[in-house]
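Single-structure report; data block below.
Both backbone and side-chain heavy atoms feed into the values below; hydrogens, waters and symmetry mates do not.
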Amino acid sequence: MSRESRKQMSSTTVVALILLFQPFVYWETVEAKPLLVTGSCRDCGKLNVVIVMCDSFDGRLTFHTENETVALPFINLMERHGSLFLNAYTNSPICCPSRAAMWSGLFNHLTESWNNFKGLDPNYTTWMDLMEKYGYYTQKYGKIDYTSGHHSLSNRVEAWTRNVGFLLHQEGRPVAELIGDKKYMRVMKKDWEITDKAKTWIRSKATNLTQPFVLYLGLNLPHPYPSPSSGENYGASTFLTSPYWLERVTYKAIRIPKWSPFSEMHPVDYYSSYTKNCTGKFTQKEIRDIRAHYYAMCAETDAMLGEIISALSETGLLKRTLVIFTADHGELAMEHRQFYKMSMYEASSHIPLLIMGPNIKSQVISSVVSLVDIYPTMLDIAGIPIPKNLSGYSLLPLILAKTENNIPSRKQHPHWVLSEFHGCNVNSSTYMLRTGKWKYIAYSDDHSVSPQLFDLSADPDELTNVATKFPKMTQTLDRKLHSIIDYPKVSALVELYNKQQFIKWKESVGQNYSDILANLRWHQDWKKHPKKYEHAIDKWIKGNSNL
């Protein structure tokens, strides 16, 4: 599809949507008042809330020039009629820890949500639990994924052994795959099924409620699909779509990202690229195909968001409902010689965040925010007192067109956000401080691995580490990071946890331990030199912890 055709389709679609969504034109200012759970909720004074949270959506697609490459009409609609956050970040670029931060309002080191296996306690009190306690009807569909005990054995073992002295491919080589024809719309069937359930709930249940509701829809898309070739635990390195969605992408406009030579790569980046099976040769066509398929998967995600917005509009609920669209993290899609996430680079850590509804300004917000801000924002919407110990801050002061005079003063959001990573595909705990034009990335114990500093205004592609060029700024940001989190201590705690968990698992499986390791996602490498890698693990187990 040509750029002109895609733009024409998008423009026509948006015009039709605006005509359909007449409540946008007639939205009235709705002020927060105490909940009165009597009679119809049409008169209770409380807004409904719908949050659609997808997986692996690069937040820059909501405003960046890449947005011109793929048609995202419903995201564009939310941008036109609500608040778009230009600088929203995940607090951990991986599924379970990022959602743990969103549901708890706390940084991951405070809840010890270290990896995809170690998240929140299943009985943890989330913002949705509190909203239910205060009179909201709550409903969840789809991917929740924030509690401990989930994900594959590969995911656990790879996270626990990341400090072992070996390099093994943990993922299948990223590939693009096309299925179906130009009429094949429902590629991610599981996501469409839960979207249908959410739509049905809106039309059959939400319309009859006598109390406000909060609806959460968690999508898998645009996360890459499982790749059986990666072994019995599977990786997820297949970018899968159909011609129906690929037509929404302007193929020739796709940018091929620049890659640093291997000799200039940061050591942690090289480890990540190797374990993600990306250190081999890729043609420009392969890279462009992967990115095209990823954008097409984003277009399918946008359509599911549209189904929810349409259901709210058709039932008349849209004019008294706040709609929030966000994601757990981004997707590198071959930037920095990587796919997947687990990185502090923009493609991986930058998430979408759009909020629209009654009394929400139509604006673009440059303030830095993150997923921990969802918790206090949801409580603020419901008029629930916000605990003082949260890591996040309410976003309502940034997005409300009008506020009541009697609303108590809220804490002002700081000019920085924190993200941290302790999982697999990276051989060091990683910490990112984003403030102003700077992104500072520190590792491990603050001296064994060199930090990175990027000036995002001059170097949006993050190709030039200026940490040694601007030593005073590096020192200033490191001191600030230390004031927020004692990251050498946290890194040591994670290392100790990893070793203890691996030893406990090893003892539970007995003599079969090596055979089990030989069948994880790294099986193709492991089986070449099993004794060598077993020895490396034994050496690691006997080594001293930094704690």
How about [X] and [Y]: do any of their side-chain heavy atoms sit closer than 4.5 Å?
| X | Y | value |
| --- | --- | --- |
| Tyr216 | Trp103 | yes |
| Phe454 | Thr464 | no |
| Gln338 | Asp269 | yes |
| Ile290 | Phe339 | no |
| Ile308 | Thr195 | yes |
| Ser310 | Phe74 | yes |

Looking at [X] and [Y], what are the two nearest heavy atoms and their distance?
| X | Y | result |
| --- | --- | --- |
| Ala206 | Phe213 | CB-CE2, 3.7 Å |
| Asn220 | Lys190 | ND2-CD, 3.9 Å |
| Ile324 | Met378 | CD1-SD, 3.9 Å |
| Pro224 | Ala236 | CB-O, 3.1 Å |
| Pro222 | Ser56 | CG-O, 3.4 Å |
| Leu120 | Ser104 | CD1-CB, 4.0 Å |

How long is the gap from [atom1] on [X] to [atom2] on [Y], to the nearest 0.5 Å?
| X | Y | atom1 | atom2 | value |
| --- | --- | --- | --- | --- |
| Ser83 | Leu395 | OG | CG | 9.5 Å |
| Met304 | Asp302 | CE | CG | 10.5 Å |
| Leu209 | Tyr137 | CG | OH | 6.5 Å |
| Tyr375 | Leu390 | OH | CG | 6.0 Å |
| Glu177 | Asp289 | CD | CG | 12.5 Å |
| His223 | Asp55 | NE2 | CG | 5.0 Å |

>> Under 6.0 Å between ring centres: does that hold for Phe239 and His293?
In response: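 Phe239 vs His293: aromatic centres not under 6.0 Å.
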
For [X] and [Y], indicate whether the former's side chain and the latter's backbone hold a donor-acceptor pair under 3.5 Å.
| X | Y | value |
| --- | --- | --- |
| Thr430 | Val426 | no |
| Asp455 | Asp459 | no |
| Ser349 | Met344 | yes |
| Ser457 | Lys437 | no |
| Asn91 | Ser419 | no |

>> If you apply the rule side chain to side chain donor-acceptor pair (under 3.5 Å), what do you find for Thr250 with Thr69, and how did you get there?
In response: CA-CA 5 Å; Thr250 306; Thr69 308; over 6 Å; no

Can you see whether [X] engages [Y] through a side-chain donor-acceptor pair at a distance of less than 3.5 angstrom?
| X | Y | result |
| --- | --- | --- |
| Tyr89 | Arg434 | yes |
| Ser272 | Asn425 | no |
| Asp380 | Thr377 | no |
| Asn115 | His422 | no |

>> Under 4.0 Å between a side-chain nitrogen and a carboxylate oxygen: does that hold for Asp58 and Arg291?
In response: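 Judged by the 4.0 Å cut-off on N to carboxylate O distance, Asp58 and Arg291 do not form a salt bridge.
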
> Can Lys199 and Glu314 be counted as an ion pair, charged N to O under 4.0 angstrom?
Replying inline: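 No, Lys199 and Glu314 are not salt-bridged.
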
> Among Val368, Val369, Leu456, which residue meets the side chain to side chain contact (heavy atoms under 4.5 Å, CB included) test with Asn87?
Replying inline: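 Among Val368, Val369, Leu456, the one that satisfies the side chain to side chain contact (heavy atoms under 4.5 Å, CB included) with Asn87 is Val368.
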
> Would Trp192 and Glu300 satisfy side chain to side chain donor-acceptor pair (under 3.5 Å), going step by step from the backbone distance to the final call?
Replying inline: CA-CA 10 Å; Trp192 281 108; Glu300 187 174 1; 2.8 Å; yes

>> Checking Asp461 against His336 for the side chain to side chain donor-acceptor pair (under 3.5 Å) test, could you report, in this order, the C-alpha distance in whole Å, the side-chain angles of both residues, the deciding distance, and whether it holds?
In response: CA-CA 9 Å; Asp461 292 331; His336 299 278; over 6 Å; no

> Does the pair Thr207 and Thr315 meet the rule for a side chain to side chain donor-acceptor pair (under 3.5 Å), with working shown?
Replying inline: CA-CA 7 Å; Thr207 52; Thr315 55; over 6 Å; no

>> If the test is ring-ring contact (aromatic ring centres under 6.0 Å, His included), which one of Tyr345, Phe57, Phe63 qualifies with His350?
In response: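 For His350, the ring-ring contact (aromatic ring centres under 6.0 Å, His included) test succeeds with only one of Tyr345, Phe57, Phe63, which is Phe63.
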
> Does NZ or CZ of Arg248 lie under 6.0 Å from the centre of the six-membered ring of Tyr244, at an angle within 45° of the ring axis?
Replying inline: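 Yes; both conditions hold, so Arg248 lies above the ring face of Tyr244.
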
